[in-house]
Structures are given as C-alpha cells and as structure tokens.
Peer 1: 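My questions all concern the structure below.
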Protein chains: 2
Amino acid sequence: METRELRYFVAVAEELHFGRAAQRLGIAQPPLSRAISQLERRLGVALLERTPRSVTLTDAGAVLLHEGRAALDAVAAAEHRARRAGLAAAGEPAVVLAAKAGASSELLAKLLHAYAAEPDSVPVEVVLCGPGEQAGLLRDGRADVAVLHRPFDDTSGFDTEDLATEGQVAVLPAGHPLSTRADLRLSDLTDVPELPLPRWPGPDGTYADGPGPEVQSQTQLLQLVSLGRTLVVVPDSARSQLHDGLIAVPVVDAPAVTTVIAWPPHSRSRAVAGLVNAAVRL
Amino acid sequence: METRELRYFVAVAEELHFGRAAQRLGIAQPPLSRAISQLERRLGVALLERTPRSVTLTDAGAVLLHEGRAALDAVAAAEHRARRAGLAAAGEPAVVLAAKAGASSELLAKLLHAYAAEPDSVPVEVVLCGPGEQAGLLRDGRADVAVLHRPFDDTSGFDTEDLATEGQVAVLPAGHPLSTRADLRLSDLTDVPELPLPRWPGPDGTYADGPGPEVQSQTQLLQLVSLGRTLVVVPDSARSQLHDGLIAVPVVDAPAVTTVIAWPPHSRSRAVAGLVNAAVRL
DNA sequence: CATGAGCGATACCGTGGGGGTATCGGTGCC
DNA sequence: GGCACCGATACCCCCACGGTATCGCTCATG
C-alpha cells in the first residue's frame, strides 16, 4: 500500500464525500473514486458504503482510518526527523521540543538551562503550540520531545517521566464575590451565570454552542476574565503570569495536574535522552 | 514520501550495497540508484556516503532507517488490520493473539477459555511464534495482541498488563551431577564444559560461533538436553512440558520472568480490550 | 409524476515517471 | 597495467495516474 492511497482514503473517510475530498487533495473526483475502489479491490474488503446520497465507513474502513492516520504520521515523522538530522550538520537545531504556550514556563526555562549546561548538549528549538497540539507534533515528527500535562493531554503511545504535580486555581476578575474566598470547589464554578465558561475552537475551527465567549488564545482569555466576562481554571504555576485585576483562588477538588516530559518510545536520539535526563534531575 | 521510496531506502541501508538491495527488491540496480538520489534531493539531505568500494549511512540515513522501519510497520499494520476487519464479517477470526511457542501454555489456555466465556467474545486466532517474534507481529499488524515475557521481550511502545511472575529453572539431563542439587546459581551453569549453552539462529538465519549445538526449536533443544549435549534455563511454568529424562532445578539468582499481555497503545478493538480484561481477571 | 440537482462511477485520452538495458567512470587488487 | 567491482548515467518504453466528458442513480421539489 502506498502512502498516496492512504492519504486519499483518509481524506475521503474524513470528508465522507468524494468531491470535497478530491478538492482537498487537489485532484479531480474521478481519479479519486478509482484509487479508492482499486484499494478496496487490492485489500479484498469494502471500506466505504456508497449510496448516491451519502458515503459511510464500513468496520474495515473505520479500522483503516485509525491505523492509516497513525501510519501517515509515522511516515511524516520519518521524513521530518531525517531532514532534521541532515540539517543538524549545517548548524541547525538538531532537536525540537514542543510545549503548550503559557504553561509550565518556569519549569521549561529551568529545563532548557540545565540541559544547555551539560557537556554534550546541542541547540534546542522550542515550539510553543496550542493546547493539545503537542502530541500531534510528536507523532508526525515535527517535534522530538514534548512537555505535556495530564490529565489534559493524552500520553498514550509515548514514554514519559513525571516532572511535577500541582493543584489548580480559578482565575477570577478582581472584585468578583468569589474572588475573596480562601478556596473554592468545582461546584462553585459551574452555573455562575455572570461568568460562563469560555469556548475554545474544536479541531475543525468551529465553536460549540453555549453562553460563554469564544476565545482563541490565552492572552485573549485572560483579558476577558479581567473584563468580567468569563472565568477559567488553570494549573497553579500559571499564577506567575497573571497581571493586575486577576485573582487566583485554589480549587480544592479540581484534578491535580502532572507535568510530564514525553518522547516516542523508539527514540534513539542522544539529545532527547539528555533532555529527559536533565528534566528528571530538576 | 511514498512507501515505495522508504522500502527502497531501507533495503539499501540494510544491505549497504545497491546491487544486492536491488536484487532483494526484485528490480534492477539503476532505477534503485535513481530512486535513492531522488529521495535525497527531495529531502535535501545526504542519506548515504558512497565510495566505489563501499556504502555507509550518514547520521540522517541512520535516523531514516530507524524511523522508516517503524513507518513501514505502521503501514503494513494498517493494511493487515483493515483486511482482517473486513474478513471478520465473513466469519473469519477478527483478532489475532501472538504467543511464544511453548511458553505460558497453561496461562494461555486459561485466558482463551475465560475470554471465550464472555458474552460478546469473538473467535481468536492464536499464532505461536519463535522467541522474540511477537513484538514484530504486533508492530506490523499480523497480530492484535500478544503475550510477552519480560525481560526477554522488548515491550517498549506497547501498552501492557502484568499477568504473572515466576522464577527460572535449569533443565538438565537426568543423571548429571548438577541435577541432584536442590538449587543452583547462574555461576554454576556458565562454564560447564560438557553442557555448553545452545546457539539460536540470529535474525539473518545464521549462527554465532561457539561450542554449543545449533538449535531451531524448543523440542529439538529439549531432546539435546536429554541427550546430555546442552542445558537450558527456562521459566518455572515450562516444567509442565518436561518429559522423562529431564530434571528441573531452580536457579535462585536468575532474573524473574514476568508474563505480560501487550497491545498497541492506539488499539480501539473491543476484542483486544476483552482479552486484556479476561487476562487481568485470571 | 416529471424534472432537475447532486454525487459517485465509467469511458477515454494524454503524459510523466518508474523500470529496463547498455554503458560509463572511478577505485582497489592481483 | 589490466581487470573486477560497483554505483551513476544515457536512453528507451510503457503503464499508471490524472484530466475531461458523461452516465446512472436517487431524492427533493413543484
């Protein structure tokens, strides 16, 4: 099976529409139809159920969608990491670390400092990405190692080391009645009509319905909090980035957040090993 | 990057010889040379160092070999599992379990029996393979779940659950001086000139040099033990398969062997989940 | 019930790239 | 110095992939 066939199938399986999938792939619809039916013939199984009005996945199609995404990620990872290893000779950074923007920033700084002090360290490129994107970067090879946060991020499929565990705090506008409390419970925060929870865009870029404001970035969110439009619950370490007008109150029954360093289990990079070593020593 | 290119590169990187690699791939040498240099041009990095007398891997080439093998396994896994999911509708077994031939046979029997008794169980195909082959079957999708033995098998990259831990015993021919001992240490077993350790074929099918007999199978090995030509150290549970003429003596300082059930971390198969569930309940 | 819109499949054609053979060019060995 | 070995190059062929045009089926609509 060629990656081209896999890319085509994944596109159709995601769109459930040959025309749109073809458009996304930048080809015409007929060759796409042919490629899929040829793939089905070669596999000897039906992947899609076609009616003139709709396309649905068969069981085999659902399996191929899952496994195919993982396979395409693995191919992309091979390409990314090989290219990076080649450019490393030209002085480019040889290792990429992915971290959530605005999270664990102190820990991250200490980690990079500690690693840079090691004798055989190499330049590290840090990619700050949106929440939940680190795992994707790690899977398709755009990154070699990542800082994740359980239970928010899915660590399955990676090797990990725990670095720190912390509680969570609610960030509230100064002056709000709740902001004077010594601590809070999650039940205090749901159904606060004047501070509805914010809504983040989904993977497809659209927003779910709800009363809360639509947000795209941490900065924007904190500004909305200080304007008294919403509230947010964040790990304790994020306190250091709060400016005036924002009050942090511990939420005693919020799940503990564990910061972990994660890397692909088959990684043999000495730089990744060095970073992990420096991290566990912190 | 197409899987064809990856297959070609992996062949050359493993053979370090364009002619042999081409032969292995069933194509002529010139198109292979072109494909590799085209791949290097597209990646923008050198993968191989060529001299008229030898071919060696660059750093980038070594990375691509590693990551590329994983990627090819992932593609093969997608293909195998999709095909199996399709054929499951036709009454074929929907899930394949890989286990080492002759190991943990009682536990395996109990597991299969317990799972078959569950309400939503499906037929399970059991593949008995040689030592260390289970992980490969799991990686390229020929199997969905496997029974492995730490520390012999490498479990990295899989999710696992421990099932049992046991000590190891030395299997000796009846009548040998050591066979009357209540227990042994590893140091008693190295350098027993009349019972040199057996030699298994490597991944390439060849044998390392040494005094011990060359063996291919467990049966053959045990027969050689009873003939007084070699000795072997195996997990305690293998005792049940020893026939007359063979004596098992505990080796007190041999590493403990843990039987684990392993599956790909991203597996969403209900059958795999059911097998794992049945296994941990044993 | 007829018509048209939407969508995937089919028919047919052109071209680019992957594969083949023949040969070259460079290197080390007898 | 000639030869053997090995990867690269030159040249050719063919097919598989992609494009355009069109068909066939189904359902919504008046």
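Order of the sequence lines sets the chain letters (A, B, ...), proteins ahead of strands, with each chain counted from 1.
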Peer 1: Starting at atom CD1 of B:Ile27, determine the distance to atom C1' of D:dC13, rounded to an integer number of angstrom.
Peer 2: 17 Å
Peer 1: It should be established whether B:Ser33 places a side-chain nitrogen or oxygen under 4.0 Å from OP1 or OP2 of nucleotide D:dG7.
Peer 2: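 No, because none of the side-chain N or O atoms of B:Ser33 sits under 4.0 Å from OP1 or OP2 of D:dG7.
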Peer 1: Between A:Pro52 and B:Ser37, which is nearer to the 5' end of DNA chain D once each is assigned its nearest nucleotide?
Peer 2: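 The residue mapped nearer the 5' terminus is B:Ser37.
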Peer 1: Within the structure shown, what part of the strands sits under 4.0 Å from B:Arg4 by heavy-atom distance: base, sugar-phosphate, or nothing?
Peer 2: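 Sugar-phosphate contact only.
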Peer 1: Using 4.0 Å as the upper bound for N to carboxylate O, is an ion pair formed by A:Arg7 and B:Glu2?
Peer 2: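 Yes, this pair counts.
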Peer 1: Any side-chain donor paired with an acceptor under 3.5 Å for B:Glu49 and B:Thr56?
Peer 2: no
Peer 1: Distance check needed: D:dG19 P versus A:Gln23 CD, whole Å only.
Peer 2: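 A:Gln23 atom CD is separated from D:dG19 atom P by 13 Å.
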Peer 1: Does this structure show an ion pair linking A:Arg24 with A:Glu14, if we count only N-O contacts that are shorter than 4.0 Å?
Peer 2: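 Yes, charged N to carboxylate O under 4.0 Å.
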Peer 1: Under 4.0 Å between a side-chain N or O of A:Arg50 and OP1 or OP2 of C:dA9?
Peer 2: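 So the side chain of A:Arg50 is within the cut-off, an N or O lying under 4.0 Å from OP1 or OP2 of C:dA9.
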Peer 1: B:Arg42 CZ to C:dG17 C1': how many Å, rounded?
Peer 2: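 After rounding, the reported distance stands at 11 Å.
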Peer 1: Can you tell me which nucleotide in D:dA8, C:dG8, C:dT10 comes closest to the side chain of A:His17?
Peer 2: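 Of all the options, the side chain of A:His17 is nearest to C:dG8.
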Peer 1: Just how far, in rounded Å, is P of D:dC6 from CZ of B:Arg20?
Peer 2: 7 Å
Peer 1: Return the value, rounded to whole Å, for the distance between atom CD of A:Glu40 and atom P of C:dA9.
Peer 2: 8 Å
Peer 1: Before accepting this row, confirm whether a basic side-chain N of the pair B:Lys100/B:Glu133 lies closer than 4.0 Å to the acidic partner's carboxylate O.
Peer 2: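 No, no charged N to carboxylate O under 4.0 Å.
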Peer 1: Want to settle it: does B:Gln38 or B:Gln29 sit nearer the 5' end of DNA chain C, counting the closest nucleotide to each?
Peer 2: B:Gln38
Peer 1: Under 3.5 Å, is there any donor-acceptor pair linking the side chain of B:Arg34 to the base of C:dG20?
Peer 2: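 Under the 3.5 Å cut-off, the side chain and the base do form a donor-acceptor pair.
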Peer 1: B:Tyr8 side chain: which of D:dG19, C:dA22, C:dG19 is closest?
Peer 2: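 For the B:Tyr8 side chain, the nearest candidate turns out to be C:dG19.
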Peer 1: Using a heavy-atom cut-off of under 4.0 Å over every strand shown, decide if A:Arg53 touches base, sugar-phosphate, or nothing.
Peer 2: base
Peer 1: Roughly, in whole Å, what's the span from CD1 in B:Ile36 to P in D:dC6?
Peer 2: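 Computing the B:Ile36:CD1 to D:dC6:P distance gives 17 Å.
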Peer 1: Are any side-chain N or O atoms of A:Thr230 and backbone N or O atoms of A:Pro196, one a donor and one an acceptor, separated by less than 3.5 Å?
Peer 2: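 Yes: the side chain of A:Thr230 pairs with the backbone of A:Pro196.
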Peer 1: Could you give the CG-to-P distance, from A:Leu47 to C:dA9, as a whole number of Å?
Peer 2: 12 Å
Peer 1: To the nearest angstrom, how far is B:Leu39 atom CG from C:dG18 atom P?
Peer 2: 11 Å
